[in-house]
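Please read the structure below before turning to the comments.
Labels below follow one simple rule: chain letters A, B, ... track the order of the sequence lines, proteins then strands, and each chain is numbered from 1.
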Amino acid sequence: MVRSLFISIRGRCAPYTGGKMSDIKQAYHDSQLYRIRHSASHIMAEAVLEKFPDAKFAIGPAIDDGFYYDFDLPRSLTTEDLAEIEKRMRGLIQSHEDFKRTEIGPEDAKAIFRDQPFKLELIEGLEHGGMDDDGNPTDEPVPMSIYSSGGFTDLCAGPHVANSKEINPQAIKLLNVAGAYWRGDEKRPMLQRIYGTAFESKADLDEYLWKLEEAKKRDHRKLGKELDLFSSNDEVGAGLILWHPNGAMIRHQVERYWEDQHLAHGYDFVFTPHIGKSSLWETSGHLKTYKENMYAPIEIDGQEYYLKPMNCPFHIHIFKSGLKSYRDLPIRLAEKGTVYRYERSGVMHGLLRVRGFTQDDAHHFCREDQMSAEVDFVLDFSLKMLQAFGFKDIQAYLSTMPEKRVGEEQRWHDAEAALEDTLKRMQVPYEVDAGGGAFYGPKIDLKVKDALGREWQLSTIQFDFNLPERFDLSYIGEDGQPHRPYMVHRALLGSMERFFGVLIEHYGGAFPVWLAPVQAVMIPIAERHNEFAHQVAQELKDAGLRVQVNDSSDRMNAKIRDAQNQKIPYMLVIGDREMEAGAVALRHRSGESLPAMPVAEFIELAKTEIAEHI
RNA sequence: GCCGGCGUAGCUCAAUGGUAGAGCAACCGCCUUGUAAGUGGUAGGUUAUGGGUUCGAUUCCCAUCGUCGGCUCCA
């Protein structure tokens, strides 16, 4: 989906970043491409200034895939405006403007930008100190500089190109205009942001635009409609997904695999209700810390019940339901638990962000001496699960102890060490987000790269030091005394909805045979072949395959086209020759076709591909 | 929630201040076919919903709902 292509690196204009960057980000920041984009953003600002002399300028950084600039303008921009601004940018670039850097003091800066309230605010911030990648202030004051090019001067540390002739006018493109809050704060003014991109060559730009087109073709919302996988509906409500038979079949196959794997890996399945009394959510702390995401209570017999936003409190009560011995641990309780969370109306997005979803949830309870092995186990299991769905490129993010937290410090350190040791041992590439953990425990998030190289967060493995305390969990140790267990919350696929959305885009709708809702379609050439086609179909069904017969009066070509559009893996063409030989001619959706083969041989071939998840 | 765009047949899209059309799909025929659309016909719409302006609104205005691009927030 397009959104992920625009994930911004979080650096603002360079002077404000006093913090550390990863090597990749640093390399990008030092590159010519970065200069080109950052300079293109200034050129765009210049074009906007010409068009709107009263424009107020906010910030305009280079980002991963291009650049943007935020403006406060007298009116809303239209797509025509964008085209015009883009055209003007080409002209400005071709006038070969120098980018001149000047270091200045705060007073001069304030004088230059006296009519630019956002710049003045930035200057005041800089007087007190810079800002790191996450926008947190740093102590050291930062030198200020301005860059001038043509008729535009901006408060900026650069770097920029020396002259606009370094920018290829044919390799820039303005993409869209969107609203954005000043400094990302919803309490502050809403500005207009123009997104654009720039590359060194036209070919690079074209490749990028091609990738955007490709992403559009794979958009799970589009494919969901075309392949009749799922829908949502005004009357049902926003963010509530209807799984159609095709989508439900895929989900069923995913769940079957998930269940088999969990049973084989020492999990116990549980089922829990969709609502729980308010006292449950008071004990768990959700009514204190999560209430804005929960739906209004339902009153039953004078008691308030809440729709569950999480499954943990229920699983915890299952753990608590009897005295646990140290011999019982680890306990792994798993459930595909459907939860409901209030999402603000503007944030819903297809299957990726919804209001009702089913997590592939589990909670592990273990002893201190088991913690390391348990973390090893769960990470290994996560990786296997994701790899089974064709995600080979997996990146981990380790989030550690934040300032505001619950739980003993020693427990935090032990848990973080366990998580990090495991990542090292398994040789999973990871980045550390220091202080980025939830208040209740450190965590590992796993992101996968899909077929287009886009990253998606699916798995999360989180320690929880909060709920065991709140619910006073314990087990009886070897010493006969109660001990507090460690608790790990994990979701491997994340949620069935989001996972399905990612899966659709990853495969571009061409699901591997084991997941495809219809695995093979029989294509009789003429009406006299229909009966035999149905016979073969029955044989295939008996062998456990999902098969359809296209016995419509369409011509064979139309039947093939239809099957191709539905991305059905196997097309089995049946004519006189096949009927004679008791065979099927196989055409794969890739376009490859094989000469007629006996039905039994096809079944073997299909079964092999299914078993190997091809 | 906020800023901006959009909402016409199952799908993809036209059109207009004077009550709507195409292609595909559907349905009924004809054709009986060898690897991505054979062919004729029929049917299908309170133009998202509710209000307002107007002699007249699907078109203009307002609200609601949904949706798209972002911001903010997240599985």
Mind checking A/A491 for me? I need base, sugar-phosphate or nothing, with any heavy atom below 4.0 Å counting as a touch. nothing
So what does A/N565 touch, heavy atoms closer than 4.0 Å: a base, only the sugar-phosphate, or nothing? base
Reckon A/A180 touches a base, only the sugar-phosphate, or nothing at all at heavy-atom distances under 4.0 Å? sugar-phosphate
Using the C1' atom in both, what is the distance from B/rC61 to B/rU12, to the nearest Å? 30 Å
What nucleic acid atoms does A/G179 come within less than 4.0 Å of, heavy atoms only: base, sugar-phosphate, or nothing? base
Convert the base pairs of RNA chain B into dot-bracket notation, remembering that pairs crossing earlier ones are written with [ ] and that bases paired across to another strand are shown as |; include only Watson-Crick or G-U pairs under 3.5 Å. (((((((..((((....[..)))).(((((.......))))).....(((((..]....))))))))))))....
All N/O pairs under 3.5 Å across the protein-nucleotides 9-12 of chain B interface:
{"from": "B/rU12", "atom 1": "OP1", "to": "A/K225", "atom 2": "NZ", "distance (Å)": "3.2"}

Set of side chain to side chain contact (heavy atoms under 4.5 Å, CB included) partners for A/A438, sequence neighbours left out: A/Y440
To the nearest Å, give me how far apart NZ (A/K216) and C1' (B/rC68) are. 11 Å
Quick note, A/N557 side chain, CB onward, closest among B/rU33, B/rG69, B/rA37 is B/rA37
Between the base of B/rG34 and the side chain of A/E578, is there a donor and acceptor pair under 3.5 angstrom? yes
How long is the span from the CE atom in A/M44 to the CD atom in A/E86, to the nearest 0.5 Å? 10.5 Å
How many whole angstroms separate atom CD1 of A/I560 from atom C1' of B/rU33? 12 Å
Contacts of type ring pair (Phe, Tyr, Trp, His ring centres under 6.0 Å), residue A/F314, not counting sequence neighbours: A/W281
For A/F381 together with A/H262, are the ring centres under 6.0 Å from each other? yes
Round to the nearest Å and state the distance from A/E186 atom CD to B/rG70 atom C1'. 14 Å
Euclidean distance, atom CZ of residue A/R355 to atom C1' of B/rA75 [Å, nearest integer]: 16 Å
Base, sugar-phosphate or nothing for A/Y340? Non-hydrogen atoms, less than 4.0 Å. nothing
Regarding A/D81 and A/R75, does a basic nitrogen lie under 4.0 Å from an acidic carboxylate oxygen? yes
Side-chain atoms of A/V347 come closest, of B/rU67, B/rC2, B/rG1, to B/rG1
For atom CE of A/M348 and atom C1' of B/rG1, their distance in whole Å: 11 Å
Rounded distance in Å - CG (A/D554) to P (B/rA36): 15 Å
Think A/R405 forms a cation-pi with A/F439, using NZ or CZ under 6.0 Å from the six-ring centre and within 45 degrees of its axis? no
Under 3.5 Å donor-acceptor pair, A/Y342 side-chain atoms to B/rG1 base atoms: no
Nearest whole Å is fine: how far is B/rU35 P from A/D576 CG? 14 Å
Pick base, sugar-phosphate or nothing for A/S76, based on heavy-atom distances below 4.0 Å to the nucleic acid. sugar-phosphate
Tabulate atom names and distances for all N/O pairs under 3.5 angstrom spanning the protein and nucleotides 61-64 of chain B.
none

Any ion pair linking A/R587 and A/E592 (charged N to carboxylate O, less than 4.0 Å)? no
With a 3.5 Å cut-off and heavy atoms only, can you find an N or O donor on one side and an acceptor on the other between the side chain of A/R589 and the base of B/rA36? no
Are side-chain N/O atoms of A/H489 and A/D464 paired as donor and acceptor at under 3.5 Å? no
Find out whether A/K443 and A/Y397 are in side-chain contact, i.e. whether some heavy atom of one side chain is under 4.5 Å from a heavy atom of the other. no
Just to be sure I understand the rule, does A/G575 reach a base, reach only the sugar-phosphate, or reach nothing, if contact means heavy atoms closer than 4.0 Å? base
Using a heavy-atom cut-off of under 4.0 Å over every strand shown, decide if A/A563 touches base, sugar-phosphate, or nothing. nothing
SB check A/E214 A/K211 (cutoff 4.0 Å): no
What nucleotide, of B/rC74, B/rU35, B/rU67, holds the atom closest to the side chain of A/R498? B/rC74
Taking the side chain of A/H349 as heavy atoms from C-beta outward, which of B/rG69, B/rU35, B/rU67 is closest to it? B/rG69
A/K449 to A/F391 six-membered ring, cation-pi geometry met (6.0 Å, 45°): no
Go through B/rA37, B/rC71, B/rC74 for me and flag the one nearest to the A/R341 side chain. B/rC74
In whole angstrom, what separates A/R344's CZ from B/rU67's P? 17 Å
Answer with base, sugar-phosphate or nothing: what part of the nucleic acid does A/E343 contact at a heavy-atom distance below 4.0 Å? base
Please determine, by modelled atom types, if A/R183 and A/Y181 share a side-chain donor-acceptor pair under 3.5 angstrom. no
Report which part of the nucleic acid A/V354 touches: base, sugar-phosphate, or nothing (heavy-atom distance under 4.0 Å, all strands). base
Do A/R344 and A/E292 sit within salt-bridge range, that is, some charged N less than 4.0 Å from a carboxylate O? no
Would you say that A/V254 contacts A/L493 through its side chain, given a criterion of any heavy-atom pair below 4.5 Å between the two side chains? yes
Contact state string [nucleotides 23-32 of chain B, B base, S sugar-phosphate only, - no protein heavy atom under 4.0 Å]: --------BB
The side chain of A/R561 is closest to which nucleotide in this list: B/rG70, B/rG1, B/rA37? B/rA37
